[in-house]
Number of protein chains: 2
Amino acid sequence: MLPSQKFTAAFSAAEETPRTLVENAYLALRQDIIEGKHLPGTRLRVEHLKDDYGVGAGTLREALSLLVSDALVYSEGQRGFWVSSISPEDLEDITRNRILLETEALRISIRTGTDEWEAGLMAAFHRLTKVEEKLNNSAQQFREWEERNRGFHEALIAACDSRWLRYLIGILYRQSERYRRFALGSDSKRNVHAEHQEIYDAAMSRDEKRACAALELHISTTLFVLREAPSSPSPPTQPPRRSKRDDLPPK
Amino acid sequence: MLPSQKFTAAFSAAEETPRTLVENAYLALRQDIIEGKHLPGTRLRVEHLKDDYGVGAGTLREALSLLVSDALVYSEGQRGFWVSSISPEDLEDITRNRILLETEALRISIRTGTDEWEAGLMAAFHRLTKVEEKLNNSAQQFREWEERNRGFHEALIAACDSRWLRYLIGILYRQSERYRRFALGSDSKRNVHAEHQEIYDAAMSRDEKRACAALELHISTTLFVLREAPSSPSPPTQPPRRSKRDDLPPK
DNA sequence: AAAAAGCAAAATCTCGAGAAAAAACAGGCA
DNA sequence: TGCCTGTTTTTTCTCGAGATTTTGCTTTTT
């Protein structure tokens, strides 16, 4: 997320207004990585990219440094930048920790949430419901759904007073978002809305245990679905090995 | 931590060998921030700092961007960089989440740790014990203790197979390290070694509940001690307000 | 007085070119 | 063929100077 919003916006959902070319390049690059325009494991050569994104080399380097903090880009001194690799193990790891952190945040939210929190959650759920009712498979629709889904999950934990917890959750959420894009459309048979409904109902009735269980199931199911996804690319190993042509790491 | 070591070294304790000027400046800056040479809330002016650290402006900017990911530096487009503020609330927040994450990691370690893990823990505890026995108040001693303490906490969770969990713990640990430096020497009356001993014993005897309880108490006590510390600086607010002289944010 | 507007100084942001390092390639040797 | 070695090419890393924005101070207005 934008450095200035690290602790304000949980999932950095809303208005990220770039004020400099660095931030501009950062947002564009992040979008392209999450959407898969730059495949996991591929090199990000500054010389080429600076033309694509219309900025100087130094500027692009700085944008890449920012992406390192989101763990979307990996770098090694004197050897350049890569798009972070993905793997089933990594996704499982992310999922496990998302459950740990998000259920904790939800627990706090339910315990301390005010009327404002309920109102926000209600609004976010409504927005999500509307787009889930008329869900076709267009890319535009998916992007809209992605945005509202993020809004719903953010609203769930909005009353959590721990800035750090929200910040850490944000990091993990964006990671899982990238995985989800790679399995686009493969979870058609799954009834996501029912899961959301259950979480929503439990949260609104302030039932901690039931809400957390529903949320855990929800996140776990995502892992299960993605694991079965046929479009999931072969897993390159994390640290780029020295090889002749390492546009794509070996294995 | 160094971008290339984000997921390898948990607390980035060991060999962080800078390969470029950027990494060099990053490590030097981080050291100076943690040790309090740059006070929380103060501006980090690129123009001045580039001379102090002997690098170009662009290089220093990149190093600062790296520090943003450690949440040690805050930045806002077109307005520059600041040392992240500290506050009692922030410390409490960090502590709460350290407990959540580190006890989880310890639980996993105890459950899955091999003989190798026990051996590593034993060695780390021995190193720590030796320095705690002859503890005077010299800065050199304290630095040595800090390093070995980090090693002990790292060894505790070394058998945790979740890279992400270790990574997140590392972020929080460095934050609390900064707070600890600000309260140097104020925990003289506390018997830290006894706490470490209890954690160690419980972990070695594979008693999950007892070990986690001891670790939680240990981390909590740190919060309590630091909260009482007289040398703790006044808490500046996180986002730098627009003020005439904001070398030190208001309040 | 307090607030708004205007001006000067400082700092940030940005780019392109040169130095240094790594990767790719080719040739020689067992 | 397989492996080491030296050369060429590509890429990263670094710096300094110029454009833009912000900031601080002074003056003017209500």
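Order of the sequence lines fixes the chain letters, A, B, ..., with proteins taken first and strands second; residue numbering starts at 1 for each chain. Computed from heavy atoms alone, side chains included, the values below leave out hydrogens, waters and symmetry copies.
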Participant: Would you please name every residue forming a salt bridge (charged side-chain N to carboxylate O under 4.0 Å, His left out) with E144(A), sequence neighbours left out?
Facilitator: R148(A)
Participant: Do Y167(B) and N97(A) meet the criterion of a side-chain donor-acceptor pair at a distance under 3.5 Å?
Facilitator: no
Participant: Please confirm whether the backbone N or O of D70(B) pairs with a side-chain atom of Q175(B), one donor and one acceptor, at under 3.5 Å?
Facilitator: yes
Participant: For the pair made of CG in L49(A) and P in dC13(D), what is the distance, rounded to whole Å?
Facilitator: 14 Å
Participant: Between S75(B) and F81(B), is there a donor-acceptor pair closer than 3.5 Å when you use the side chain of the first and the backbone of the second?
Facilitator: no
Participant: Are side-chain N/O atoms of R98(A) and S176(A) paired as donor and acceptor at under 3.5 Å?
Facilitator: yes
Participant: Output one letter per nucleotide in nucleotides 7-18 of chain C: B when a protein non-hydrogen atom lies under 4.0 Å from the base, S when only the sugar-phosphate is that close, - when neither is.
Facilitator: ----SBSBS---
